Amino acid sequence: MPTDPGQPPHPDGTTRDTLVRVFEEQVGRTPEEVAVSHPSGRLTYRQLNTMANLRARQLVQAGVGRQSPVPLVMGRSADVVVTALAVMKAGGFYIPVHLSSPAARLREIVTDVGANIVVTDSAAESRGRDSGVRVFVADGLPAGTPEVPNPSPYGLPGELAYVMYTSGSTGAPKGVAVTHRDILDLVADSAWRTGHERVLVHSAHAFDASTYEMWVPLLTGGRVVVAPPGQLDTAGLRSLVEQHAVTAMFLTTALFSLFAEQDPACFSGMHTVATGGELMPVQAMRGVRTACPDVRVLHVYGPTETTTFATRHRVDEVGDPVPIGQPLDGVRC
C-alpha cells in the first residue's frame, strides 16, 4: 500500500497531527461528555479512550505494530468505534469488511493487505475464521474499566488510517488507501461546523459514509449515535431522533428517496441531512424540502478515493437536476 508520510501538512495546519492525537486532545478537553450512545448505554470520551487504550495493548501483544493491517469483521456496534481507535492507537490501520462478504472475498482481502490477524466480535467469530489467519475476538469491554494511559504517541499524518475495498462491480476489488491526513481534512471542512453535534451511525462500517459518521463528531467534541442492528426505517429514524436528539445523518440517494416516498417528514427535528451518490430524483428532494423546511439538506458527491465526499451543495431551492455543488475546502474539481 503506497503511503507518503513525508508529505508536509497543509499551511492551515488542519492536518499536522494524526487522528489518534486529535482524538486524545479532544478527550483532554471534554473527558466527561458523552462520545458514543448505543442501544446498551453510553460511553464518555474518557471511557471510550480507556477502552480503546486497553484494546490497543491487547492488539500490540497480539502482534499489531506500526502500519500493520487489521481487517475488522464486525457488526454495527460501539465496539467498531472502540476497535478502529484501538487499531490506530496500536500503530496499525484497519480494513472494514462487510459481514455479508463471502469467505473467498475475505481471504482475498487478507492476502492483498498482508494481514496476520483479523478482529471480530463473538457474533462474527465464525466469519473471521474464514480468513485463514489468527482471529482476535473483541467483545465489549466494561465501561468501568480503570483508566489506562495513552500508548506512546507515534505515527505521521501521511500514514494509513484505513483501507476500504471497492465492491469490484467494475473489475477486481481494489483497496483504497486513506491516511490520517485525509480523514482530518474531511473533518475540518466548514460544512460540518454546525449541526453535527450528534451524528447517526447506521451505515455498515465497510461503507465509506462511516468515515463521516464516526470521525466528524468524535474529533470535534460531538457524539456518535449508533443505530440498533438491522435496517433503518422511517419509524426507527423518528424514534432515534426523539430519543437521542440526533442532529445529522447521511443517507444514500436510494434510501433518501425511499424515506421521502414513505414519510418525507421523518427527518423533522434534525439540523442537517446529507445525501448523495447517484442521480437525485427531483421529486424526492422536493418532498423532503416541503415536509421539513427547517432541516438543512446537503447534496454530496464523492468516490471512496476522495475520503467519502468531494463536493457538497446546500439545497435551498430544488432545481432539476439537483447540483452536486462546489468542492470541499482544500479540494479541486
Side-chain angles (χ1 to χ4, degrees), residues 1 19 36 38-40 48 51-52 54-65 67-141 160-169 172-178 183 201-215 218 224 226-232 304 308:
M1 294 296 171
L19 183 154
V36 180
H38 56 99
S40 300
L48 174 59
M51 294 168 72
L54 180 56
R55 187 158 291 164
R57 287 188 175 186
Q58 296 170 339
L59 290 171
V60 169
Q61 292 170 357
V64 175
Q67 292 294 268
S68 294
V70 183
L72 306 185
V73 187
M74 308 176 72
R76 182 174 66 224
S77 68
D79 266 338
V80 171
V81 181
V82 173
T83 305
L85 268 173
V87 169
M88 291 183 285
K89 281 174 173 280
F93 60 93
Y94 64 97
I95 302 97
V97 180
H98 280 289
L99 284 178
S100 60
S101 295
R105 172 73 183 270
L106 174 57
R107 288 193 292 270
E108 288 171 1
I109 291 174
V110 166
T111 300
D112 195 40
V113 296
N116 297 315
I117 188 172
V118 301
V119 177
T120 75
D121 50 35
S122 58
E125 184 175 358
S126 62
R127 296 302 323 281
R129 300 202 181 283
D130 290 336
S131 66
V133 298
R134 182 178 178 184
V135 175
F136 179 97
V137 180
D139 271 331
L141 297 166
L160 295 181
Y162 69 81
V163 169
M164 189 162 291
Y165 274 78
T166 62
S167 65
S169 58
K174 298 175 179 64
V176 177
V178 175
I183 297 174
V201 173
H202 72 99
S203 302
H205 70 302
F207 177 45
D208 62 356
S210 64
T211 306
Y212 154 76
E213 291 175 342
M214 291 195 299
W215 304 124
L218 287 179
V224 164
V226 181
Q231 294 293 324
L232 184 68
T304 303
T308 309

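For clarity, every value in this text was computed on a predicted model and none was experimentally measured.
- A 4.5 Å side-chain heavy-atom check between V178 and T211 finds every atom pair outside the cut-off.
- Counting heavy atoms from C-beta on, the side chains of Q67 and L160 come closer than 4.5 Å.
- Legend: side chain to side chain donor-acceptor pair (under 3.5 Å) pairs involving residues 92-101, not counting sequence neighbours, sorted by first then second residue: Y94-W215.
- Using a 4.5 Å cut-off on side-chain heavy atoms (C-beta onward), V73 and L99 make contact.
- Side-chain contact between F136 and V70 is absent, with no heavy-atom pair separated by less than 4.5 Å.
- How far OG of S68 is from CD1 of I117: 9.5 Å, rounded to the nearest 0.5 Å.
- From I183, atom CD1 reaches atom OG1 of T308 across 8.5 Å, with rounding to the nearest 0.5 Å.
- Two residues are said to be in side-chain contact when any heavy atoms from C-beta on lie closer than 4.5 Å; R129 and S126 fail this criterion.
- Counting heavy atoms from C-beta outward, V80 and V226 have side chains that stay 4.5 Å or more apart.
- E213 has its side chain out of reach of H205: every pair of non-hydrogen atoms, C-beta onward, lies at least 4.5 Å apart.
- Taking all atoms of both residues into account, the shortest heavy-atom contact from A78 to V36 is CB-CG1, 4.0 Å.
- At least one side-chain heavy atom of M164 sits less than 4.5 Å from a side-chain heavy atom of P96.
- Remark: A103 pairs with R107, D130 by the side chain to side chain contact (heavy atoms under 4.5 Å, CB included) rule, at least two apart or across chains.
- Scored by the side chain to side chain contact (heavy atoms under 4.5 Å, CB included) test, A90 finds A56, L59, V60, V64 as partners (sequence neighbours excluded).
- For the side-chain contact (heavy atoms from CB on, under 4.5 Å) criterion with L72, the lone passing option out of D79, V97, I95, V87 is V87.
- Summarising the geometry, atom CD belonging to E125 is positioned 5.5 Å from atom OG1 belonging to T120; distances are rounded to the nearest 0.5 Å.
- A52 approaches A86 most closely through the heavy-atom pair O-CB, 3.4 Å.
- Here the shortest heavy-atom pairing between A138 and M74 reads O-CE, 4.2 Å.
- With sequence neighbours left out, the side chain to side chain contact (heavy atoms under 4.5 Å, CB included) criterion links V110 to P71, L106, A115, V118, S131, V133.
- A salt bridge (charged side-chain N to carboxylate O under 4.0 Å, His left out) check over residues 86-104, counting only residues at least two apart or in different chains, returns the pairs E24-K89.
- Annotation for P102 and R127: closest pair C-NH2, 3.8 Å, computed over non-hydrogen atoms.
- Remark: side-chain polar atoms of R76 are paired, donor with acceptor, to backbone N or O of G230 under 3.5 angstrom.
- With sequence neighbours excluded, no residue forms a salt bridge (charged side-chain N to carboxylate O under 4.0 Å, His left out) with E108.
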